[in-house]
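What follows is a set of notes on a single structure, which appears directly below.
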Amino acid sequence: MTGALRVEGGLPLRGSVRVSGSKNAALPILAATLLTDQPCRITNVPGLADVETALAILRAVGADVRREPAAAPGAGDGTGPDGGAPAVRVEAGGAIGAEVPAAEARQMRASILFLGPLLARTGRAVVPKPGGDDIGMRRIDQHLAGLAALGAAIEERDGAIICSAGRLRGADIQLDMPTVTGTENLLMAACLAEGRTTILNAAREPHVQDLARALGGMGARIEGAGTDRIEIEGVDRLGGLAHRVVPDYLEAGTYAIAVAATGGEVRLEDAPVQDLQPLLVKLRKAGVEIVVAGDALTVGRAGPLRPVDLITWTHPGFATDLQPQYTALMTQAEGETVVQEFLFEDRFNYVDQLIALGARIEPLVAHGRGVRVHGPSRLAGTRLAIPDIRAGAAIVIAALCADGVSEIEGVGRLDRGYESLPGKLAGLGARLIQVNSGN
């Protein structure tokens, strides 16, 4: 999506929407297809710019990549409740190159996920330092220290990370913080290492667990995914894969917050309810009605919002990727809310945009990274700009609450993390259209 998004606020959201597959699960699973020379078929892969970048990297290193069209609902293709969503087939059966193209690496942070699989498969990996959203320091030193413990020689040259090794060897790896992509990289590399690898202080996020399930489907021997201690017994080779990507709890959470902010009632189909528990606890305390029926989640609000303080933390704490949206929600609560962010130092880069709409937000100077939100604020449409994916979702939510029309620049960033966000919101009754910038 290019140009800008024009949003007319003040309308409640009503209807139903299906939650797409998780981007944060799909990306490492796509990278993991390089660990085998057998065919892999992955369903419920979301249609996102970052996914297209990952597919471009796979093609660039020599994999055959094909997209399958969506099957008709009820066709019985085994994709589950997505009703036959498009699938991706990857076969890396021939010679695989070791270098990730710089152009693709600059487009997303997750390009670093190809480091472990390429090293394990080819004995060498060259990955330019990745780009992506600027929300603060996201170091890769733990990736490199872990790979070195597995036996890799590592150097940095000309803006790229170069790793080489014979067959990797199992090791005990202690992470100094539970990095998600670091855990995923080391998990993939360790699957083909000789002997046993233990990852301590491992990340526990739902997408880490889904990667472990996919690797297990390929024949990997993994125990403890979803805990802070993951054990991997290396195998000589991995087989093919047939896997359905888990629904995206971050997308589901974003829509739940949007409904809570604007009012109305929406049913979220194929919702990962268990992964949403930290958010659902907050929403219920704030006065939002939540009804769970199997894998469907109905969110509604008719009365006022209560302020509920928030602190982000690693899973199973409150996800940092839902913090901006939650802060936008609290601009409509009746009272003061304190929101603190302990994972990324620049995560509040969207606050000036909410203030431009009329939100009353001030920094918590004496308490580290945090803000105090004074509500409820009557927001008024204006010109806005999106700095990153999750900030963009927060800005759209605030614009949906505002009186009048907002014009939001930089909406292409939303395409990196949300499948058809404007279209899905329009299906729920929101008034928003894409326009050319400057119109």
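Here the OG1-CD1 distance, from Thr197 to Ile230, works out to 11.0 Å after rounding to the nearest 0.5 Å. The NZ atom of Lys23 sits 9.0 Å away from the CG atom of Leu250 when rounded to the nearest 0.5 Å. Between Leu200 atom CG and Asp228 atom CG the span is 8.0 Å, to the nearest 0.5 Å. Distance check: Glu336 CD to His374 NE2 gives 4.5 Å after rounding to the nearest 0.5 Å. With rounding to the nearest 0.5 Å, the separation of CG in Leu34 from SG in Cys40 is 9.0 Å. Atom CD of residue Gln340 and atom CG of residue Leu364 lie 6.0 Å apart, to the nearest 0.5 angstrom.
Applying the 6.0 Å contact sphere to CZ of Arg67 captures more than 12 heavy atoms from other residues, nucleotides or ligands. When the shell of 6.0 Å around CZ of Arg360 is examined, it contains more than 12 heavy atoms from other residues, nucleotides or ligands. In this structure, Arg284 places its CZ atom where more than 12 heavy-atom neighbours from other residues, nucleotides or ligands lie under 6.0 Å away.
With respect to Glu341 and Arg369, no salt bridge is recorded, no charged nitrogen being found less than 4.0 Å from a carboxylate O. Salt bridge Arg267/Glu269: present, at least one basic N to carboxylate O contact under 4.0 Å. Under the 4.0 Å criterion applied to side-chain N and carboxylate O atoms, Lys129 and Glu156 are assigned as salt-bridge partners.
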**Asked** Should Asp270 and Arg244 be marked as a salt bridge (Lys or Arg N to Asp or Glu O under 4.0 Å) after you check the CA-CA gap, both sets of side-chain angles, and the distance that decides it?
**Response** CA-CA 12 Å; Asp270 197 20; Arg244 181 180 188 267; 2.7 Å; yes

**Asked** Passes side-chain contact (heavy atoms from CB on, under 4.5 Å), Leu118 versus Val100? Steps please.
**Response** CA-CA 9 Å; Leu118 285 175; Val100 171; 3.8 Å; yes

**Message:** For Met330 and Leu310: C-alpha separation, side-chain torsions, deciding distance, then whether side-chain contact (heavy atoms from CB on, under 4.5 Å) applies.
**Reply:** CA-CA 10 Å; Met330 287 295 103; Leu310 171 70; over 6 Å; no

**Verdict with reasoning, Leu27 to Phe114, per side-chain contact (heavy atoms from CB on, under 4.5 Å)** = CA-CA 10 Å; Leu27 295 177; Phe114 288 87; over 6 Å; no

**Message:** Could you walk me through whether Glu407 and Val435 satisfy the side-chain contact (heavy atoms from CB on, under 4.5 Å) test, starting with their C-alpha distance in whole Å, then the side-chain angles of each, then the deciding distance to 0.1 Å, before giving a yes or no?
**Reply:** CA-CA 9 Å; Glu407 192 159 307; Val435 297; 4.1 Å; yes

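Side-chain atoms of Asp275 do not come within 3.5 Å of backbone N or O of Tyr249 as any donor-acceptor pair. Within the 3.5 Å criterion, the main-chain N or O of Lys285 finds a donor-acceptor partner in the side chain of Arg306. At distances below 3.5 Å, not a single donor-acceptor pair connects side-chain atoms of Asn201 with backbone N or O atoms of Gln174. In this structure, Glu104 contributes its side chain and Ala54 its backbone to no donor-acceptor pair below 3.5 Å. Counting only distance, with no hydrogens or angles, the side chain of Gln332 and the backbone of Ser377 share a donor-acceptor pair below 3.5 Å. In this structure, Arg431 contributes its side chain and Leu11 its backbone to no donor-acceptor pair below 3.5 Å. Side-chain atoms of Ser406 come within 3.5 Å of backbone N or O of Thr382 as a donor-acceptor pair. Using modelled atom types, one side-chain atom of Gln142 and one backbone atom of Asp176 make a donor-acceptor pair closer than 3.5 Å. Counting only distance, with no hydrogens or angles, the side chain of Glu231 and the backbone of Gly224 share no donor-acceptor pair below 3.5 Å. Between the Arg301 side chain and the Ala261 main chain, a donor and an acceptor come within less than 3.5 Å of each other.
Between Pro316 and Gln277, every side-chain heavy-atom pair lies at or beyond the 4.5 Å cut-off. At a threshold of 4.5 Å between non-hydrogen side-chain atoms, the residues His243 and Asn44 do not count as touching. Put simply, the side chain of His207 reaches to within 4.5 Å of the side chain of Val180, judged on heavy atoms. For the pair Tyr255/Leu13, no side-chain contact is recorded, criterion being any heavy-atom separation below 4.5 Å from C-beta on. In this structure the side chain of Thr183 never reaches within 4.5 angstrom of the side chain of Pro178, judged on heavy atoms. Considering only heavy atoms from C-beta on, Leu322 comes within 4.5 Å of Thr254 through its side chain. Contact of the Cys163 side chain with the Leu115 side chain is registered, since non-hydrogen atoms from C-beta on lie closer than 4.5 Å. Between Lys424 and Ser20, some side-chain heavy-atom pair lies under the 4.5 Å cut-off.
Cation-pi geometry between Arg390 and Tyr418 is met: the NZ or CZ atom falls under 6.0 Å from the ring centre, inside 45° of the normal.
Scanning all heavy atoms of the two residues, the minimum distance from Ala399 to Leu357 falls at N-CD1, 4.1 Å. In terms of heavy atoms, Thr312 sits closest to Thr320 at CG2-CA, 4.0 Å. In terms of heavy atoms, Leu379 sits closest to Ala359 at CD2-N, 3.5 Å. Residues Gln323 and Phe318 share a closest heavy-atom pair of N-CE2, 4.0 Å. The minimum heavy-atom distance between Ala32 and Met218, with the atom names listed, is O-CE, 3.6 Å. In terms of heavy atoms, Ala152 sits closest to Leu119 at CB-CD2, 3.7 Å.
Of the residues listed (Thr36, Ile222, Ile29, Leu241), the one engaging Leu215 in a side-chain contact (heavy atoms from CB on, under 4.5 Å) is Ile222, and it is the only one.
Side-chain atoms of Thr53 and Gln107 include a donor-acceptor pair closer than 3.5 Å.
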